[in-house]
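Step one of this worksheet: look at the structure below.
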Amino acid sequence: MPPVRAALWRSLRAHQVYGANTDVGKTIVSTVLCNTVQRREAERAAFLKPVSTGPLDDADDRHIQRHAAGTLTKCLYQFDEPVSPHIAARQKNFTVPRDDDILGSVHNTLSEWARTGISFALVETAGGVHSPGPNGNSQADLYRPLRLPVVLVADSRLGGISSSISAYESLLLRGYDVRSVLLFRDDYYKNHEYLRDYFRNKCIPLVPLPQPPTRPQSQDERARAQDEEAMAGYYQQVAQETDVHGLLDELAARNTERIDRLESMASRAHDTIWYPFTQHHGMTAKDITVIDSAHDDYFQTFVPGDQSNQQGQLQPTFDGSASWWTQGLGHGNPELALSAAYAAGRYGHVMFAGNVHEPALSLAELLIETLENPRLHKVFYTDNGSTGMEVAIKMGLRAACDRYGWDASKEQISILGLKGSYHGDTIGVMDCSEPSTYNQKVEWYRGRGYWFDFPLVKLSQGTWKVEIPEVLRGALGADLEFTSLNSVFDVESRVKSDAGKRYSEFIYKTIEDLVQRHGMKFGSLIMEPIILGAGGMLFCDPLFQRCLVDVVRSHPELFSSNPRKNNSNITAEKYWSGLPVIFDEVFTGLYRLGRKSSASFLDVHPDIAVNAKLLTGGVVPLCTTLASQEIFEAFSSPEKSDALLHGHSYTAHAVGCTVAVDSLQAMMKMENNGTWDEYRRDWKPQSLSKTAKVTGEDDCPEVWSVWSHDLLRDLSYAESVESIFAIGTVLSISLKDAQGGGYTSTAAQGLRQRLSAGGPRFNVHSRVLGNVLYLMSSVTSKTESLREVEGLLRSALL
């Protein structure tokens, strides 16, 4: 089932009717509204009941037909039993409609009505806001992708104030816009008076209606006739005594205002906003994508009207960059929204220095337990990956200077890293990256380090290869070929191979030369495990990174022959040796690559690890820097100036920590309950060659991707594709470029534009890094959505 467009038309004012409880009069309110519309000149109303239970004669659409003459009505799924839909749908041998089927039918019906001149439509739910749909899911979640503006029918009975406000807050938490509230007057409880003031403060109009006549106890024909007559009189009374016309005018104005805002947003943004990583020269308002909302894997983006499409509309757009790599559990996740609201209500934000609150402590303990790194014992909180890495560098350099007796104020202490590394844009971490487009025109950039060139893992022409850079072939040998991606990651076997020995020897000699001949002092080894993200989705041979860590740790004499603090237990798991090893897992950590830690691919434990991005499931910014006890103790001293004097006002904010705990637990549950087993089976070790196959390995591999095995094999043969790879949720496609590629290349722009044009059902928002286009999913992405994106890729490249 394709993603559903959010429901928005200029010509059709469509609203969803929710009830604060069962039996609050939703259908009577719907009838009042439809009746009033039908009385207007050149207006026509329609009523849609997606799911109805109970006898057909008592069905809500039948009531509308009887008392709102001329209203077009439709019911999609009718169940005879007068029980909740999730029970009624299973009481007979009936194929229960999927939620996607219900949503698609609702949108198709509304679209048809918009084309045929209907000006006002209501989509009425069943029961209360959280009454379950046929599949047992809350209606508030079921219908959320449509994001129809809401007409809320409040409860006039005892307890109705509480249930009405609770219903409103539940809708608000899920991103609904409540446009109006209606309820019946009750002169004893006077709920309408209290709620009128409550909703007035939120700029939501409330219209009280007279109480409808009491339904007769008898159901015989005479009683029914009397009831019909009484209801007809009631609707006449409502038309005369209430200002429903005014409410309808208000709803119409809000619909127009919403579309007008969407149409003007790109132009207004062009005038006022300075975008990150964007060259604004030549940029126009048409280059800006307007996002009305987001749900699951999709943005709802606004497409302005043109000559062929007179009115603008919303369209589903696959979030192909996972919103800069942050999306883990889908946009608008109601569980995470509730977690954030709970923490905001319980704490707001509280000062953290010298204090502790439950969310921060719970997250710290959960991370230490989850990452299973025996070195890590302390958690430092910051707000994003760049500042988290800034802290990590302060930690690493201080520990090295403390051990080796260096004075960083008098001599430069550098770092070891990899070419193409990117750790953020704060001043310290920017200096830890080699000169590049990101920093070449930054006035304070100095570049303090040495960055190794390294072998790259690529799939080309159906074969997995480790490609050795031309300048390193004399030292590292020729390119290597592998039968599967799994065999590339057999690091424990490969480290003993000739390639492993060559890598280690090259690394050792390079560091020795830098220290002895050039007099460089190094304070830390910093790496993005497996994939260097912003540098161009560079897939480093895991063996090279493993050897780099091994050489640094096993040869402390390379960095100082006379350390001030000599630890006899430096080979033990909890002590650092040679240099503190810092892993920047901001992008690659916490299941982005299919594992809780990307360090596990190398089978090594860093002394300092930084996590962000997926940490909070894409809801709020938060970052953690985890360090060993020994690193922590390097800052321990009677002097305040020796402390780690770093922080920000919102350090360890309770909202972020609470969401992070729930996000991590949700992903861990997915790992343990087999959610990703289908993908694991697809990536069983086998050759991606069209002619060769490898057998004998039946167990699911440890290395897998949500992107299909067959897609990679086929695209690796595409004429315009230089190479491709996928791991976890990441897919990277390098396009051939006669100019050599790199960050300033435009080779991938054509593919990006084709994906942006999309297909008949949705398009894809993607990002490029020079000649590389990458796509990324959430860990909750539906297989159907991913395969549809793959279909667009096949159409564009094959």
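If you're wondering where the values come from, they're calculated on a predicted model, not measured in any experiment.
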Check your understanding: Taking atom NZ of Lys501 as the centre, does the number of heavy atoms from other residues, nucleotides or ligands within less than 6.0 Å exceed 12?
Key -> no
Review point. Partners of Lys378 by side-chain contact (heavy atoms from CB on, under 4.5 Å), sequence neighbours excluded?
Key: Gln629, Phe632
Review point. Is the cationic atom of Arg595 (NZ for Lys, CZ for Arg) positioned less than 6.0 Å from the six-membered ring centroid of Trp704 and within 45 degrees of its normal?
Key: no
Check your understanding: Between the side chains of Tyr404 and Asn562, does any donor sit under 3.5 Å from an acceptor?
Key -> no
Check your understanding: Just checking, is any N or O donor in the side chain of Asp297 or Ser778 under 3.5 Å from an acceptor N or O on the other one?
Key -> yes
**Study point:** salt bridge (charged side-chain N to carboxylate O under 4.0 Å, His left out) pairs, two or more places apart, involving residues 433-456
**Key:** Asp431-Arg448
Only distances under 3.5 Å count here; give the side-chain donor-acceptor pairs of residues 722-733 to other protein atoms, sequence neighbours excluded, each with its distance to 0.1 Å.
from   : atom 1 : to     : atom 2 : distance (Å)
Glu722 : OE2    : Lys458 : NZ     : 3.3
Thr729 : OG1    : Arg592 : O      : 3.1
Thr729 : OG1    : Arg592 : NH1    : 2.8

Point to revise | Residue pair Ser386 / Thr426, side-chain donor-acceptor N/O under 3.5 Å | key: yes
Review point. Which residues satisfy the side-chain contact (heavy atoms from CB on, under 4.5 Å) test with Asp383, sequence neighbours excluded?
Key: Thr387, His648
Check your understanding: With side chains defined as the heavy atoms from C-beta onward, is the minimum distance between Phe454 and Ile507 less than 4.5 Å?
Key -> no
Practice item. Give, for atom CZ of Arg546 and atom CZ of Phe489, the distance between the pair rounded to the nearest 0.5 Å. Key: 13.5 Å
Review point. Centres of the Tyr275 and Phe277 rings: under 6.0 Å?
Key: no
Study note, to complete from the structure: residues 518-540 vs salt bridge (charged side-chain N to carboxylate O under 4.0 Å, His left out), sequence neighbours excluded, gives Glu411-Lys521
Could you list the donor-acceptor pairs under 3.5 angstrom formed between side-chain atoms of residues 469-480 and any protein atom two or more places apart in sequence or on another chain?
from   : atom 1 : to     : atom 2 : distance (Å)
Arg473 : NE     : Ile468 : O      : 3.1
Arg473 : NH2    : Ile468 : O      : 3.4
Arg473 : NH2    : Asp479 : OD1    : 3.2
Arg473 : NH2    : Asp479 : OD2    : 3.2
Asp479 : OD1    : Ile468 : N      : 2.8

Check your understanding: When Glu630 is tested against each of Arg398, Arg375, Arg403 for salt bridge (charged side-chain N to carboxylate O under 4.0 Å, His left out), which residue passes?
Key -> Arg403
